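As the structure is a prediction and not an experimental result, all values here were calculated from the model. So that the names make sense, note that chain A is the first sequence line, chain B the second, and so on, each numbered from 1.
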Amino acid sequence: MISFTNVSKVYGPESAALDEVSLEIPTGDFVSIVGQSGAGKSTLLKLLSAEEAASTGEIIIDGWDITNIRRWQIPHLRRQIGVVFQDFKLLQKRTVLENVAFAMEVGGAPTKEIRDTVPHILKLVNLLDKAESYPTEMSGGEKQRVAIARALAYKPQILLADEPTGNLDALHSWDIVQLLIKINKLGTTVLLATHNDDIVNALKKRVVTISQGKVVSDQQDGTYKL
Amino acid sequence: MSTLGISFARITRTAFVNFWRNIWLSVATMVIMIITLLMISFLYFANVFGSEVLQTIEQKVDLSVTFKEDVQDQYITTIADELKLRDDIADVRVISSDRALEIFRARHADDPLIEESLQELEDNPLPANLFIVATDPQHYANIAKHLEAEKYSPFIDQVDFENTETERVVEKLIAYTTSVKNGALVVTGLFSLLVVLIMFNTLRLAIYSFREEIDIMRLVGASRWFVQGPFIIEAILVALVAVVISSAISFATLRAISPTLSTYFFDVQQSPFSIYDYAVTNIESVIGLQVVLAVGLAGISSLVAVRRYLRN
């Protein structure tokens, strides 16, 4: 369970990215966070991965109050939360396999575990045959699948996807969304920040709409409306 | 292997990869480090050598007091005992008038003319003497001044120290060793600062070239140690290689110049001091000092550079 209680994030005296947001997301849920650019979608996700700290309010993940998380605790949190970005953030000089393995290596996973786990993850994202390819040799959709595979390396409880289809065409976008649904069905809570109305409407899942830092709508089986 | 062991092995491997990827930056830092270590080693050995030369000369230097002809031995002994009580005097030797004559005769035993002359004289022409060795050459002036006091004037004919060539040599050597010590401190300080600044900026460049990897590391939950570790180990690696090269140059140079220095400054008949032998005997502390200094400077600069980057 993820819980936001009266969470605000203020960058300057007159610049509130989030304003008194309260939200509860049960474990295993699939939530689309929608809103225009600058509405506060990315900030909401950044608070969950502790890239940003809330100015006020309380954020709890599975009973762990991360509002005032200590610096040394952040790596532990991030190994429980997978993050996927619009710009993929892949290491260009490493192969697909190495990119995924890298995430496990930095977390101190034993070599044998990495060798056993990475092929399974690549199979899940349908990239096993591209294991030795470099990101520069891949399409946008494939790169995003590598990023998702890396995010799954720790078997996270939560997957944060910040505009994962922003750089992709319609076909590849739908491919990525299908993958996110598959991951969600395996038990991972998925938070998808997007402004792609076609995807949100087709998903028929919970939709939280943010406008000017406030939650203006929260619907189960919702649709995209601004 | 434990998680800690696995992490350490991976961090070390990454450090080596970084070292090779930034080979020119690594070499530039290493050259500065080597120059600094060579300067410090040179000053260290110059100081050791200077002290040794000074000590040898000090052993030869003394202050001699010549007594008036009619002074009785008991007064000489009293004055000698009195002087022995002073903290600035290491040794006092009394050469009585008779003993002085014995020594003179022994030295000129092969010269019949001198022997004849002595036999013609009715009295012993040689006065009694005191030879004083100070605990530090700087004290001779004070001791000489003390002996010039009025209470000694009925007994002492001459205090032989002031304005002598020996005094000037001693003064010069003291000034030389003090300058070397002060110079060593200033130069060591300046070069250390230079190393920290260069290393700090080199590492900032290295960190900048790895910013993508660092950001991804942080994103996927790498610990602080995993992010910082490779840069710190890389800096320590540079420092250790610099110590090896600097030590090799130092020892080779000392070996080459040591015989010439020994011949020039010491009496070759009496097993002269060899700076190379000194370095070999003290190899652990000589290299240990460099390792502590180099690793310390490298460690501090890398830690500050990485922490500053991560804080931003």
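Taking the side chain as every heavy atom from C-beta outward, A:Val106 and B:Arg218 never approach each other to under 4.5 Å.
The minimum heavy-atom distance between A:Leu91 and B:Ile216, with the atom names listed, is CD2-CD1, 3.7 Å.
Counting heavy-atom neighbours within 6.0 Å of A:Tyr11 OH, excluding the residue itself, gives a total above 12. By the 6.0 Å contact criterion, CZ on B:Arg204 is open, its count of non-hydrogen atoms from other residues, nucleotides or ligands being 12 or less.
Atom-to-atom distance recorded for B:Glu213:CD and A:Lys93:NZ is 8.5 Å, nearest 0.5 angstrom. To the nearest 0.5 Å, the span separating OG1 on B:Thr14 from CD on A:Glu105 amounts to 7.5 Å. The CD atom of B:Glu212 lies 6.0 Å from the CD atom of A:Gln92; values are rounded to the nearest 0.5 Å.
Residues from residues 126-156 of chain A that place a non-hydrogen atom less than 4.5 Å from a non-hydrogen atom of chain B comprise A:Arg150, A:Tyr154, given in numerical order. Of all residues in residues 223-244 of chain B, those placing a non-hydrogen atom less than 4.5 angstrom from a non-hydrogen atom of chain A are B:Ser223, B:Arg224, B:Phe226. Using a 4.5 Å heavy-atom cut-off against chain B, the contacting residues of residues 62-87 of chain A are A:Arg71, A:Pro75, A:Arg78, A:Arg79, A:Val83, A:Phe85.
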For residues 34-49 of chain B, which side-chain N or O atoms pair as donor and acceptor with protein atoms under 3.5 Å away, sequence neighbours left out?
residue	atom	partner	partner atom	Å
B:Thr36	OG1	B:Ile32	O	2.8
B:Ser41	OG	B:Leu37	O	2.7
B:Tyr44	OH	B:Tyr278	OH	3.2

